[in-house]
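Sequence lines set the chain letters: A, B, ... in the order given, protein chains first and strands last, and positions in each chain run from 1. Side-chain atoms are counted along with the backbone in the values below, which use heavy atoms only and exclude waters and symmetry mates.
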Amino acid sequence: MPELPEVETVVRDLRPLLVGQRIRAITPGAGKLRRPWQPAWEAGLIGQRFEALHRRGKWILAHVGDSALLIHLGMTGQLTVQGPDVELANHVHLRFLLGAGELRFRDIRRFGSIEWYATPGEVHALLDTKLGPEPFATQPAPFATAIRSSARPLKAILLDQAVVAGVGNIYADEALFRARLHPRTLGKDVSKPKCELLRMAIIAVITKAIESRGSTIRDYVGGSGLRGGFQHEFCVYGRTGEPCVVCGTSISREVVAGRSSHTCPQCQNK
DNA sequence: CTGTAATCCTGCGAGC
DNA sequence: TGCTCGCAGGATTACA
């Protein structure tokens with residue numbers, strides 16, 4: 001579910017609620033996450049304080065004392081701080097009791113993960129080895145090279161976290177529409193000016209989405225439980241059969257790179 | 001180097 | 001009303 005704008009919203013929401021708070025107790029739930037919670041990790045966490053909260057791509061990195069928690073929300077992950085008396089929803093897999101309130105990790109489909117690491121440094125290094133630049137940190141020339149040196153369809157390239165970190169299915173479709181590029185077009189067939197148009201489209205759509213607190217299709221909520229608003233501004237995603245906002249042509253859906261992709265057949269030439 | 005499919009899960013809406 | 005089917009924001013792995 002959550003892509004960069006959603007994860008950024010969670011981090012911004014949680015920062016003031018979490019940083020400075022001490023972990024008093026940890027309660028794992030019954031369901032196993034993709035990386036099962038290890039009770040041995042608790043010794044490094046209990047009694048320690050949340051020192052900082054960072055986002056890198058779709059990953060959340062929390063500094064706790066001298067150690068770190070690495071969190072991914074998968075498709076349906078929710079990370080919220082609420083009063084400890086607030087009724088427990090189903091699918092809550094981990095609870096951190098704090099001085100004020102409780103941090104809860106809820107994940108219906110359990111594609112998410114939480115892992116503990118002894119130092120934040122090793123996690124930053126780990127993320128940097130597998131993630132490309134943040135959209136805002138991309139540069140025209142390296143980005144164009146990454147696109148034009150690939151024989152893969154643009155959709156696959158944009159979803160590749162090693163090329164740009166944080167773009168997922170929604171924002172890939174929206175950025176491609178704004179750049180008037182078809183998801184099936186091969187990277188090597190895209191001109192340098194078009195690559196730059198695409199890079200700017202990614203930055204623009206991600207920026208707009210953050211301003212709207214992300215998109216809620218079904219499950220996503222920010223760190224304080226609030227839903228996103230960018231779903232009302234989609235041009236193509238989930239609008240199959242509806243008219244293109246530019247030309248009125250019916251939006252079509254097809255599978256590209258194994259993911260459902262939405263395009264205006266008129267505006268986005270292959 | 002590619003693409004494709006399967007894997008981890010639950011829930012919802014469509015269609016019968 | 002109740003059933004099955006397809007589909008869903010992600011990441012990783014195996015295999016052709």
When you check the side-chain N and O atoms of A:D173 and A:H262, is any donor under 3.5 Å from an acceptor?
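Yes - a donor-acceptor pair under 3.5 Å links their side chains.
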
Contact class for [X] vs. all strands (heavy atom < 4.0 Å): base, sugar-phosphate, or nothing?
| X | value |
| --- | --- |
| A:R35 | nothing |
| A:Y171 | nothing |
| A:T216 | base |

Nucleotide [N], atom [atom2] - distance to [atom1] of [X] in whole Å:
| X | N | atom1 | atom2 | answer |
| --- | --- | --- | --- | --- |
| A:L126 | C:dA11 | CG | C1' | 13 Å |
| A:E3 | C:dA11 | CD | C1' | 13 Å |
| A:R259 | C:dA8 | CZ | P | 8 Å |

Taking Watson-Crick and G-U wobble pairs with both distances under 3.5 Å, convert DNA chain B into its dot-bracket string, 5' to 3', dots for unpaired and | for cross-strand pairs.
.|||||||.|||||||

Of the options C:dA11, B:dG3, C:dC7, whose atoms approach the side-chain atoms of A:Q161 most closely?
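Among C:dA11, B:dG3, C:dC7, the one nearest the side chain of A:Q161 is C:dA11.
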
When you measure from the side chain of A:S260, which nucleotide among B:dT2, C:dA8, C:dG10 comes out closest?
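Selected nucleotide (nearest to the side chain): C:dA8.
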
Select from A:V256 and A:R34 the residue whose nearest nucleotide in DNA chain B is closer to the 5' end of that strand.
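Of the two residues, A:V256 wins.
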
Under-3.5 Å N/O pairs linking protein and nucleotides 9-13 of chain B:
| unit_1 | atom_1 | unit_2 | atom_2 | d |
| --- | --- | --- | --- | --- |
| B:dC9 | O3' | A:R110 | NH2 | 3.1 |
| B:dC9 | O2 | A:R109 | NE | 2.9 |
| B:dT10 | OP1 | A:R110 | NH2 | 2.9 |
| B:dT10 | O4' | A:I108 | O | 3.4 |
| B:dT10 | O3' | A:H91 | NE2 | 3.2 |
| B:dG11 | OP1 | A:H91 | NE2 | 2.8 |

